[in-house]
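Heads up: the structure comes next, in structure tokens.
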Amino acid sequence: MDDKLKGLEHGADDYMTKPFHFEELIARVNLQLRKKNEESGEILSLGNLQLDRKKGLLYNESNGQTLPISGKEYALTEYFLEHPSQILSREQLYNKVWGWDNNIESNNLEAYLSFIRKKLRLLGVDVSIKAIRGMGYRIETSEK
């Protein structure tokens, strides 16, 4: 017990004693890796959806399924996940993704949102992007 307490007091994140089960070791290592990724900002998450910024992947934490995401879809998804449950206006989304001086067609945003929604459905996540009439769009979970 003294060794455990010393280790934890001196900065250890975890401590295992022998004998241990290999499955427990793997679970503890995976937990530490998840914590490190979340703390470093490499992973954005909402509900069971995760966006791995480094790899450009959408990930369903519940079933392990992944899909690549890039370009405008990535930029939109990242912006929504950085602002969970907030209503983002069309202007905010245009400015963030296309820049202030943009000459895009009026339906480009809807087209990209449609692509993202399709990916979210394919992943089977509990997250969706909703249109808020007259205001903009919001990413939200379907959890009650």
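Along the sequence shown, the residues carry numbers beginning at 1.
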pair I43-Y59: side-chain heavy atoms closer than 4.5 Å: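 Side-chain contact under 4.5 Å: no.
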Note, L44 side chain near E82 side chain (heavy atom, < 4.5 Å):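 Counting from C-beta outward, L44 and E82 do come under 4.5 Å.
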Candidate pair T141 and L49, rule side chain to side chain contact (heavy atoms under 4.5 Å, CB included), full reasoning: CA-CA 9 Å; T141 62; L49 173 68; over 6 Å; no
Over 12 non-hydrogen atoms of neighbours within 6.0 angstrom of NZ in K96: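 12 or below, so no.
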No-hydrogen, no-angle side-chain donor-acceptor test under 3.5 Å, Y137 and E110: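 On atom types as modelled, these side chains qualify, holding a pair under 3.5 Å.
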Evaluation steps, salt bridge (charged side-chain N to carboxylate O under 4.0 Å, His left out), between R53 and E42: CA-CA 5 Å; R53 289 173 154 169; E42 292 176 11; over 6 Å; no
Any sub-3.5 Å donor-acceptor pair from [X]'s side-chain atoms to [Y]'s backbone N or O?
{"X": "Q92", "Y": "S89", "result": "yes"}
{"X": "N48", "Y": "D126", "result": "yes"}
{"X": "N60", "Y": "Q65", "result": "no"}

ILVMFWY cluster membership beyond I132 - transitive side-chain contacts under 4.5 angstrom: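 The other cluster members (ILVMFWY side chains, heavy atoms under 4.5 Å, direct or chained) are I87, M135.
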Trace of the side chain to side chain contact (heavy atoms under 4.5 Å, CB included) decision for W98 with Y112: CA-CA 12 Å; W98 284 273; Y112 280 103; 3.6 Å; yes
Once rounded to the nearest 0.5 Å, what's the spacing between atom [atom1] of [X] and atom [atom2] of [Y]?
{"X": "L67", "Y": "L123", "atom1": "CG", "atom2": "CG", "answer": "4.0 Å"}
{"X": "R138", "Y": "K130", "atom1": "CZ", "atom2": "NZ", "answer": "9.5 Å"}
{"X": "T77", "Y": "I139", "atom1": "OG1", "atom2": "CD1", "answer": "7.0 Å"}
{"X": "I129", "Y": "L88", "atom1": "CD1", "atom2": "CG", "answer": "9.5 Å"}
{"X": "L113", "Y": "K118", "atom1": "CG", "atom2": "NZ", "answer": "15.0 Å"}
{"X": "E78", "Y": "L51", "atom1": "CD", "atom2": "CG", "answer": "6.5 Å"}

Test log, rule salt bridge (charged side-chain N to carboxylate O under 4.0 Å, His left out), inputs E73 and R117: CA-CA 10 Å; E73 293 175 35; R117 287 174 174 139; over 6 Å; no
Chi angles and distances behind the side chain to side chain contact (heavy atoms under 4.5 Å, CB included) call for V127, E140: CA-CA 6 Å; V127 173; E140 57 188 37; over 6 Å; no
With a 4.5 Å cut-off on side-chain heavy-atom distances among I, L, V, M, F, W and Y, is there a chain of contacts connecting [X] to [Y]?
{"X": "Y94", "Y": "F115", "result": "yes"}
{"X": "L76", "Y": "L81", "result": "yes"}
{"X": "V125", "Y": "Y79", "result": "yes"}

Criterion side chain to side chain contact (heavy atoms under 4.5 Å, CB included) on L58 and K119, from CA distance to verdict: CA-CA 8 Å; L58 288 176; K119 287 187 176 191; 4.3 Å; yes
Heavy-atom pair with the smallest gap, counting every atom of V97 and A75: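 Shortest heavy-atom separation between V97 and A75 comes out as CG2-CB, 4.0 Å.
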